[in-house]
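Below is one structure, written out as structure tokens; the observations come after it.
Chain letters run A, B, ... following the sequence lines, proteins first, then strands; residues in each count from 1.
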Amino acid sequence: MDKEIKFWLLDLNWGTLDRQRCMFLWGIDDRGRRVLLLDEQFEPSLYLVLAGDVQLEPIAGQLKRLATEHELGADISVEEKRQLGRRVQAVRVRYSDNSKAERFAADALRLKGVKSVHELDLRPSTLYLLDTQATPCRWHRVKVSETDGSAGYAVPSTYLVRGEFRPEGDLSPPPLRLLAFHAIYKPSKGSPDPKKDPVAVLSVKTEGSARSFVLDGSDDSGILNGFVTLVRREDPDVVVGFRSNSRDWLHLVSRADALDLGLNVSRAMTKPHPSVHGHFSITGRLAIDLADLADDMPELETKTLEALAEYLGSAPKEGFIPLEEVTMSRYWETEQGIGDLRRASEQRAQAAYDVCSEALDYLLELSSLTKLPADHVLAAPVGFRVDSYLMLKAKRSGEVVPPREERPYYTYAGGLVMAPIPGMHELVAVVDFRSMYPNIMISFNVSPETMVRTSRPSEEVNISPEGGYRFFKEPRGFFPSALIELIEERQRIEAQLKSARSGPEKRVLMAREKAVKVISNAVYGYTGWLGARWYSKGVAESTTAWGRSLITKASNLAEELGLKVVYGDTDSLFISYDADNVRKLLTDIGQELKFEARVDKVYERVIFTEAKKRYAGITSDGAVDIVGLEAVRSDWSEVARRTQREVLNDLLSGRGLEAARADLDKMIDDIRSGRVPLQDFVIWKVMSRPLSKYKVRAPHVEAARVLEEKGWTIKPGDRVGYLVVRATRNKPHVMPYQLASAEDIDVEYYVNEQVLPACTRVIEAAKIKG
DNA sequence: GCATTGTATGTACCC
DNA sequence: ACGGGTACATACAATGCG
């Protein structure tokens, strides 16, 4: 019996049912039941774009025969499509076996008249989302029939899809069941190794419960079994961890495999498996790694769960129990220590749970906007999110999706950075262009298919200020259209936000607005990315050329008004403030350049050295911004950073040079008298490659080598902390901080090469009156 | 043989 | 595995110096 259900799409995968390939759609109905829809109607398809002069009938016949030869079935059709805006004839070929389709396409390309193959590089689940109205994290109505084919799946009901997905308007997601976990492995040096290090503590937090499993002896099979049982019982929609993709799943799955347990926690009773973008998938659930979220947040200084939780106000009131390598081995020695470990782990499971609840709306909106499944969208690099969004737009207008291609690397000029006027400046306005690159692409219709190399009457084209690229003014191009849609979506959201009543509704709207902004800001960078399906060096190059031209013109307009331009970078100008004239400048920019600029902030005082991209300023509310200087660089010692911060506060708040010098001198005295703790001297650097790939003996590399010798595992992405120590015979100048003690520290190095240069630079600059 | 100089390497930052 | 522009420390090789 057919019936219609309301369905919210959580996850999907291309699977096998009764030896038939079939789309599995996991979700929730409007009564809150977890359901599985099976769509047997769907077949992936590829497109062959034909040459313009080819005779349709013969080539279609040839392709039909070829398809039969390759056992694809003869289901092919000729369709009118678009390729970069131009009308083309294309042959659509449906298939169920990807490798047969690949062999067919290779042969088809040898036929005269077949120009290119499209969409064969898209996975079936991607094609499904692009070809149907089904959207992840959205409600739909869909006609289904009951089936008993649900044996072996952990859902109460399974249906066969009988019709098309029809989108429903309501934005709010159903209540999702979250399960957060945190694991600690038996103490080891450096990154944990699944072969040696059993799971020591595993904490799980769900809405109603918190549980921990602690290692008893050396066998962690009890922990793993307990975890599997718990996940199945709680049946979460979202399973969330921190560094779970790069660490925990790998570790937990291989531990379970080694013990022949099988970590079968998915709704298809399978174990977590590696998927695209280094992500681990749990069929029927969303596996979320909050580290992906943290890595995307430049405002987080350290990409840790603790920092993320602090930032979002989800940290425990009493503070986190520390869990560094050094403290870990100590904990393990006593009964009380093990209790601490357990509580530390529970704190983190709780924090992950809270952070995920906080971030969930954003994640779901980003997923529905780009149509990347919610568990992939955070793991996917920004370029792939844009790619996915653009594929969606392309498909809507009948475009075939271009293949991802190998291309030569090519650099081009980027934003303009002006040399600052060094010194201390009073009252400086920061004027910036709003969404400069997106607006350039819209205003000048910058897009791969609007770009022309042929000579055209100049009134029909926009010509880039450098490089001589020409873009048709009409019709509107692919990128500009996509960007305008994003802007319109943002305006709709803002209008809705004005009338939104409830908290949840507001939250969802704000999350969507953020998602829209993230995608529009990423479009320019995408166009210059070699991996982009719609890569276009002309587009990227022209966009920045217009940017340089705009900022230069705006700077000239400012000077014409008698304003002093102190500094500028890409889309911003620092201008000696004069309220009337700055207002006038904004008007002039609007009228003469046809672009919108605004005053972002006004600094009461701002200090520039001779260096670009480095300054510090104070606003009237007393807030101090430090940009680019040592104080905000994670690869300087804390002692140097803190001292520079104090000195800058003195200089900017008007306490003057004397106060700054006094603070500096005091700190130097403290250092020499041993009043500064060891950890403030540690210099941290991230390993960018395996140890063997380094060409020079850089300090952090030397330190890492020592660690490795002592049994640590050092991998790319690991942070290595080292100290500069007094050189003695047979001893290197640097030491991993774990192996050094306070007496070893070369205090004169820290005075002369860290604290003094960082502080002297800004003090000297502040002496100059701007 | 050693100090000076120039260039390469490596990291982290800004927009 | 989105872009280019930039500073800065350190290593290392080349250069110069009777």
Side chain of P381(A) only, please: which of dG4(C), dA1(C), dT11(B) is the nearest?
dA1(C)

Return the nearest nucleotide to the side chain of A611(A); candidates are dG4(C), dC8(C), dT11(B).
dC8(C)

Rounded to the nearest angstrom, tell me the gap between atom [atom1] in [X] and atom [atom2] in [N].
{"X": "L390(A)", "N": "dC2(C)", "atom1": "CG", "atom2": "C1'", "result": "12 Å"}
{"X": "M436(A)", "N": "dG4(C)", "atom1": "CE", "atom2": "C1'", "result": "14 Å"}
{"X": "Y409(A)", "N": "dA1(C)", "atom1": "OH", "atom2": "P", "result": "15 Å"}

Do R641(A) and W636(A) form a cation-pi contact, if we require the NZ or CZ to be under 6.0 Å from the six-membered ring centre and within 45 degrees of the ring's axis?
no

Using the side chain to side chain contact (heavy atoms under 4.5 Å, CB included) criterion, which residues pair with K393(A)? Sequence neighbours excluded.
Y389(A), F478(A), A482(A), E485(A)

Show the numbers, then the answer: is there a side chain to side chain donor-acceptor pair (under 3.5 Å) between D625(A) and Y603(A)?
CA-CA 9 Å; D625(A) 285 342; Y603(A) 286 120; 2.6 Å; yes

According to the interplanar angle, ranging from 0 to 90°, do the rings of W546(A) and F471(A) count as parallel (below 30°), tilted (30 to 60°) or perpendicular (above 60°)?
tilted

Encode nucleotides 9-15 of chain C as B, S and - characters from 5' to 3', where the letter depends on protein heavy atoms closer than 4.0 Å: B to the base, S only to sugar-phosphate, - to neither.
SSSS---

Polar pairs (N or O, both sides) under 3.5 Å between protein and nucleotides 13-15 of chain B?
{"residue": "dC13(B)", "atom": "OP1", "partner": "V632(A)", "partner atom": "O", "Å": "3.2"}
{"residue": "dC13(B)", "atom": "OP1", "partner": "S634(A)", "partner atom": "N", "Å": "2.9"}
{"residue": "dC13(B)", "atom": "OP1", "partner": "S634(A)", "partner atom": "OG", "Å": "3.2"}
{"residue": "dC14(B)", "atom": "OP1", "partner": "G628(A)", "partner atom": "N", "Å": "2.8"}
{"residue": "dC14(B)", "atom": "O2", "partner": "K613(A)", "partner atom": "NZ", "Å": "2.8"}
{"residue": "dC15(B)", "atom": "OP1", "partner": "Y615(A)", "partner atom": "OH", "Å": "3.0"}
{"residue": "dC15(B)", "atom": "O3'", "partner": "D571(A)", "partner atom": "OD1", "Å": "2.4"}

Please check the phosphate of dA1(C) (OP1 and OP2 only) for any side-chain N or O of H277(A) closer than 4.0 Å.
no

Tabulate protein N/O versus nucleotide N/O from nucleotides 5-7 of chain B, keeping only pairs under 3.5 Å, one per line.
none

What pairs of donor and acceptor atoms, side-chain ones from residues 409-420 of chain A against any protein atom, are under 3.5 angstrom apart with sequence neighbours left out?
{"residue": "Y410(A)", "atom": "OH", "partner": "E541(A)", "partner atom": "OE1", "Å": "3.2"}
{"residue": "Y410(A)", "atom": "OH", "partner": "E541(A)", "partner atom": "OE2", "Å": "3.1"}
{"residue": "Y412(A)", "atom": "OH", "partner": "Y524(A)", "partner atom": "OH", "Å": "2.9"}

Check whether the side chains of H376(A) and S275(A) place a donor and an acceptor atom closer than 3.5 Å, and report yes or no.
yes

Intermediate values then yes/no, salt bridge (charged side-chain N to carboxylate O under 4.0 Å, His left out), D744(A) and R726(A):
CA-CA 6 Å; D744(A) 302 328; R726(A) 279 189 300 266; 5.7 Å; no

Please list, by residue number, the residues of residues 524-545 of chain A whose heavy atoms come closer than 4.0 Å to an atom of DNA chain B; answer none if no residue qualifies.
none

Can you check side-chain contact (heavy atoms from CB on, under 4.5 Å) on L629(A) and R761(A), steps first, answer last?
CA-CA 10 Å; L629(A) 290 162; R761(A) 264 196 274 277; over 6 Å; no

So which one's nearest nucleotide on DNA chain C is more toward 5', K612(A) or A522(A)?
A522(A)

